[in-house]
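Notes to accompany the following structure.
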Amino acid sequence: MDTRSIGMFDSGVGGLTVLKEVIEECAGEKVIYLGDTKSFPYGNKTKESIIQLCKNAIDFLIKKDVKAIIIACGTATSQALEEMQKCYNIPIIGIIDSTVEYIENKGYKNIGVMATRGTIRSNGWKNKIDKKIKNANVINKECPLLAPMAEEGWTENEIAKLVVAEYLKGLKNIQCLILGCTHYPLFKEVIEEQIGDSVDVINTGEILAKSLNKILKEKNITNNKQTTKEYEIYLTDMETNFINVASKLLKDDSIGDRIKLAEY
Ligand code: DGL
């Protein structure tokens, strides 16, 4: 039993798609979420910059006395997870491993990945898939416009439909499509509508949340106190649009009261 919070971070609203699943799935756990809005977007930064931003975020969360850290960001997971695990003596969990395990269990071989430019450049998904799944055929697609559109709340309008259609063009004959950036589940309905029922469109946060309980149990750090849906949000830069997108996603009208400025 460990009543401390779980720390979680992303560059902006994207990681909230992970937060949403974690607070649903892991009742009893409290979450402290950091949105590094000052440094958004992570997707087009160098690996060196991402490593530094991750260190800053993790140092901030550790000062808040968290018991584990979730990197709720595909860009940061693909480029900095291993490095962070070496640097810190606290469980650090990314979004890739649990999803690759899910795909392996499902027996998928033809796999599409939509992600940021940095994630695709790092080959983070493909390398892990190739290690676990023999003869996997991975089609990568970088989608640099989607995260900024998600920050803007443009996830269901005509522009979203057009941009998604353009990005889906090369993703043919696949069994599953990994939404490899945590901003992309905000487009899940539009993507599913266009790609059809035969493709399993994967929200990594949903899979991570399911495996998180197991990870916390293994490490003996679960919190059984029933403090359902308890979370706090810190932002490195205050901007009102975050509140609009977040309150809609988390169905929380008073979300503004939970948001504070993170100074570091
Ligand atoms: N949500 C992030 C990801 O999963 C970062 C998007 C961005 O900041 O470019 O990759």
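When a ligand or atom number is given, it counts from 1 through the structure's own listing order. Here the structure is a predicted model, which means the values were calculated and not measured.
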- Query: With a 6.0 Å cut-off on ring centres, are Y42 and H183 close enough?
  - Reply: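 When the ring centroids of Y42 and H183 are compared, they turn out to be at least 6.0 Å apart.
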- Task: Identify, with sequence neighbours excluded, every residue that meets side chain to side chain contact (heavy atoms under 4.5 Å, CB included) alongside S247.
- Result: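 Once residues adjacent in sequence are excluded, the partners of S247 under the side chain to side chain contact (heavy atoms under 4.5 Å, CB included) criterion are I255.
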Could you give the N/O to N/O pairs under 3.5 Å linking ligand 1 and the protein, each with its distance?
from, atom 1, to, atom 2, distance (Å)
ligand 1, 1 (N), D10, OD1, 3.0
ligand 1, 1 (N), D10, OD2, 3.3
ligand 1, 1 (N), T182, OG1, 2.9
ligand 1, 1 (N), H183, ND1, 2.7
ligand 1, 4 (O), G74, N, 2.6
ligand 1, 4 (O), T182, N, 2.8
ligand 1, 4 (O), T182, OG1, 3.3
ligand 1, 8 (O), S11, OG, 2.6
ligand 1, 8 (O), Y42, N, 2.7
ligand 1, 9 (O), Y42, N, 3.4
ligand 1, 9 (O), G43, N, 2.8
ligand 1, 10 (O), G74, N, 3.4
ligand 1, 10 (O), T75, N, 3.0
ligand 1, 10 (O), T75, OG1, 2.5

- Message: Can you confirm whether K248 is buried at NZ, in the sense that more than 12 heavy atoms of other residues, nucleotides or ligands lie under 6.0 Å from that atom?
- Response: no
- Name the orientation class of the two ring planes belonging to Y33 and F242 (parallel below 30°, tilted from 30 to 60°, perpendicular beyond 60°). tilted
- Parallel, tilted or perpendicular, as decided by the 30° and 60° cut-offs, for the rings of Y234 and F60: perpendicular
- T119 and S122 side chains, donor-acceptor separation under 3.5 Å: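 No, no side-chain donor-acceptor contact under 3.5 Å.
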